[in-house]
Engineer: 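Take this structure first; my questions come after.
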Amino acid sequence: MKRRSTKLVPEMGAICLVNLVFMFIVPLAVASKENGKSSLSTYIVHLKKPKGVFAQAVDLDGWYRSFLPVTIPGQRTRMVFSYRNVVTGFAAKLTAEEAEAMKRKEGIKSVWPEKVYSLHTTHSPDFMGLQQSLGFWNQSNYGRGVIIGVLDTGITPGHPSFSDEGMPPQPAKWKGKCEFEGGCNNKLIGARSFVEGEVGPPADEEGHGTHTASTAGGNFVKGANVFGNANGTASGMAPLAHLAMYKVCGAGCSESAILAAMDAAVEDGVDVLSLSLGGGSIPFYMDSIALGAFTAIQKGVFVSCSAGNEGPSYGTLSNEAPWILTVGASTIDRSIAAVPKLGNGLTFDGESLYQPNDFPSTLLPLVYSGANGKAASAFCAPGSLKDVDVKGKVVLCERGGDIGRIDKGQEVKDNGGAAMILMNDKLNGFSTIADPHVLPATHVGYETGLSIQKYINSTMNATATIIFKGTVLGKQTAPEVTSFSSRGPSLQSFGILKPDIIGPGVSILAAWPVSVENKTNTNSTFNMISGTSMSCPHLSGIAALLKSSHPDWSPAAIKSAIMTTASLVNLGGNPIVDETNTTADIFATGAGHVNPSKANDPGLIYDIQPDDYIPYLCGLNYTDEEVGTIVQQTVNCSSESIIAEAELNYPSFSILLAESGGSQTYTRTVMNVGPASSSYTYEVFVPTGVDVSVKPEEIVFTEVNQKQTYSVTFSRQKNISLPFSQGLLKWVSAQHDVNTPIVAIFE
């Protein structure tokens, strides 16, 4: 069978089909040449799984070491990590020549240089309907007894978010370790470092891991705020869940460390794995996160991953495997308002985390940094304003130029500027972020920026000020899909809709290792940052709540409950919008915005057992060996009932419809987890250009956990010029609405 090479990529504002190889992950330098010989680099080595089981880990390590080159006495060991659970193989230091020679050894399946992945960098529980002593939090016991494993930059153990006040003892099944000298507690029950060359405990020097861990499972902390903003009680999604930190990121997040951490986490006994990192689109059999996640779900461990921060272009996802929950980012209804007011009386919406209480309300001179015609000045690049008169003025800077938002303000401040208005580029549209700026500043949308530029050009004496209004709640357009959130479709499997879900990921307040104000001595330190890195742990914590509430549900069942109950409208009851302030499409939202309380009572679930993925993977035209690498067993695709990608029992439909193709019929099996006696009829919101028929018209259940199957037939209409269209299949009972999103991609 020929390997498919057609991919969907953005082109001129639409999606088109082209032939190409599309990968974001860049391998580490394979090996530099020194004195005519290759230097050592880390390689991932996958082996054919041996018959039988090694009685001891040392026996497995000995077998692995038999494949390594002979080393001279005194030379450091070549073995970096030995994997026991998630894959059969190891990571080792090899030269390029040794790696090539190893590929030819009997028992070797694959050898590749490790890749380096990147990080996808209070009020959100309330925003999602989670309230103390009420509703879902109460029903799920706040996640009590569930263990969330977080792979990240480490953790700050003394932070009050990781206090074990009110926590139950660690579960008896827990086998993990704590590398902090003072030990862990009943909240943070495990902490290990897998960063090569790092000596000492998994302390968090970046802040990212502390933030994500507290978002997933941090305890209640009163009086949490940043610069006095967003003041309230902070908590994670599952405040009584246990946490285990696996530090995998130092200068980047190495593939070998990620695999080793997933290997350890599965053995330690975690229930949920949360990974706010990734590296773009890559075949599943070469994607170490996908490989580790598959073994995890085989052991009943739920895996939640960030979708990536490469939006808003299409086809920019990370972590696309269907056994992973892929999470995009959206806003919440809170903003930290900083309103620019112009000399002509016009005001606009803007945001800034830094809210000075002594900034003058009187109008100051307003200038555009790029008035000199230089791109560097327009972007307020370092050193670009030294010859621009900005002293005592409000300076309009443009976003972009590969320069950090806060760094632009630093350039304005260094040259005497009084304040900054940062305007978006067209790509980021209306999506703004509350940053801890170094001077009075506000971040505004693209259209607002154009209006300010127009005003500057209309007068010789442009003036402006910024009115800082602090925390504002109740924005009716929330949730909105933010511009940076990576978009589908999945380049590795068009038949699976990705991302799966969106959740809060913009200006999220959570624990931080140090005070961002640099002027307090309190240990209660918090920060507000943005990214799909923030949305992922929200869903990890919600999965922990569902695991606590429904301990018998499989990872696929939990995912189904999250997806089929997702919200499709904002607080104002209108469709969710994106950075263009128009309705967000299905490749931005996936199934929609997570609704935790509804997910706890979905009515029906689409379940998938690990072996169900084998005919799906064979249908991707993977070889027997490639499928075997993923599922960790011998596979013969010729003896499997190979299925099309869209035939997987997934809680969505993603179909490719060729112009000359006939109709396509797909089946789904749903399991009743609602009332024993219940019946469902369907409603279809038909995608434009597609005819849809559903059989049967009604599905009836007489007992809990009973299964029923239905089929859907899709046919392409003539003369369709759209790249794709979307719709929805809804199964409706007296108590439940079960939503199954549909996307039709026109070839």
Engineer: Check whether any side-chain heavy atom of Tyr83 lies under 4.5 Å from a side-chain heavy atom of Leu291, and answer yes or no.
Structural biologist: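 SC-SC contact between Tyr83 and Leu291 ruled out.
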
Engineer: Can you say whether the rings of Phe294 and Tyr613 are parallel (under 30°), tilted (30 to 60°) or perpendicular (over 60°)?
Structural biologist: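 Correct class here is perpendicular.
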
Engineer: Is the backbone N or O of Phe284 less than 3.5 Å from a side-chain atom of Tyr622, with the two atoms forming a donor-acceptor pair by type?
Structural biologist: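 Yes.
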
Engineer: Contact between His159 and Ser214 at the side-chain level, heavy atoms closer than 4.5 Å - yes or no?
Structural biologist: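 In short, these two side chains do not touch, never coming nearer than 4.5 Å.
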
Engineer: Between Lys498 and Asp500, does any side-chain N to carboxylate O distance fall below 4.0 Å?
Structural biologist: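 Judged by the 4.0 Å cut-off on N to carboxylate O distance, Lys498 and Asp500 do form a salt bridge.
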
Engineer: Any donor-acceptor pair under 3.5 Å linking the side chain of Thr532 with the backbone of Gly328?
Structural biologist: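 Not confirmed, Thr532 side chain does not pair with Gly328 backbone.
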
Engineer: For the residue pair Trp63 and Phe67, does the interplanar ring angle fall in the parallel (under 30°), tilted (30 to 60°) or perpendicular (over 60°) class?
Structural biologist: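 Trp63 and Phe67: perpendicular rings.
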
Engineer: For the side chain of His211 and the backbone of Ile508, is there at least one donor-acceptor N/O pair under 3.5 Å apart?
Structural biologist: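 The answer is yes, because a donor-acceptor pair under 3.5 Å joins these two groups.
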
Engineer: Taking Arg487's backbone N and O only, do any of them form a donor-acceptor pair with Tyr314's side chain (distance below 3.5 Å, no angle check)?
Structural biologist: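 Checked: no pair found.
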
Engineer: Any donor and acceptor pair, going by atom type alone, linking the side chain of Ser654 with main-chain N or O of Phe494 inside 3.5 Å?
Structural biologist: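 Confirmed, Ser654 side chain pairs with Phe494 backbone.
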
Engineer: Report the residue from Asp263, Val86, Leu151, Val116 that forms a side-chain contact (heavy atoms from CB on, under 4.5 Å) with Ile258.
Structural biologist: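 Filter result, single survivor: Leu151.
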
Engineer: Spell out, as yes or no, whether a donor-acceptor pair under 3.5 Å connects the side chain of Tyr606 to the backbone of Ser652.
Structural biologist: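 Such a contact is absent between Tyr606 side chain and Ser652 backbone.
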
Engineer: Below 2.5 Å, is that where the SG pair of Cys536 and Cys305 sits?
Structural biologist: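 Cystine link not detected, SG atoms outside the 2.5 Å cut.
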
Engineer: Report yes or no: does Glu647 contribute a side-chain atom to a donor-acceptor pair with the main-chain N or O of Ala644 at less than 3.5 Å?
Structural biologist: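 No, because the side chain of Glu647 does not come within donor-acceptor range (under 3.5 Å) of the backbone of Ala644.
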
Engineer: Taking NZ, NE, NH1 and NH2 as the nitrogens, is one of them in Lys247 or Glu179 under 4.0 Å from a carboxylate oxygen of the other?
Structural biologist: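 Salt bridge between Lys247 and Glu179, a charged N being under 4.0 Å from a carboxylate O: no.
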
Engineer: In the structure I gave you, are the side-chain heavy atoms of Cys178 and Ile189 within less than 4.5 Å of one another anywhere?
Structural biologist: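 Contact flag for Cys178/Ile189 side chains = no.
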
Engineer: Distance-only, no hydrogens or angles: does the Glu320 side chain make a donor-acceptor pair with backbone N or O of Leu491 under 3.5 Å?
Structural biologist: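 Indeed, once roles are kept as given, a pair shorter than 3.5 Å links the two residues.
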
Engineer: Are the side chain of Ser540 and the backbone N or O of Ser274 linked by a donor-acceptor pair below 3.5 Å?
Structural biologist: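 Side chain of Ser540 to backbone of Ser274, a donor-acceptor pair under 3.5 Å: no, none is there.
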
Engineer: Would you call the rings of Trp112 and His46 parallel, tilted or perpendicular, taking 30° and 60° as the class edges?
Structural biologist: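 Answer is tilted, since the angle falls between 30° and 60°.
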
Engineer: Can any side-chain N or O of Ser486 pair as donor or acceptor with the backbone N or O of Glu310 at less than 3.5 Å?
Structural biologist: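 Looks like yes, one N/O pair under 3.5 Å.
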
Engineer: Checking side-chain hydrogen bond (donor to acceptor under 3.5 Å, both in side chains) against Thr629, which of Lys109, Lys48, Lys49 comes through?
Structural biologist: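 It is Lys109; the other options fail the test.
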
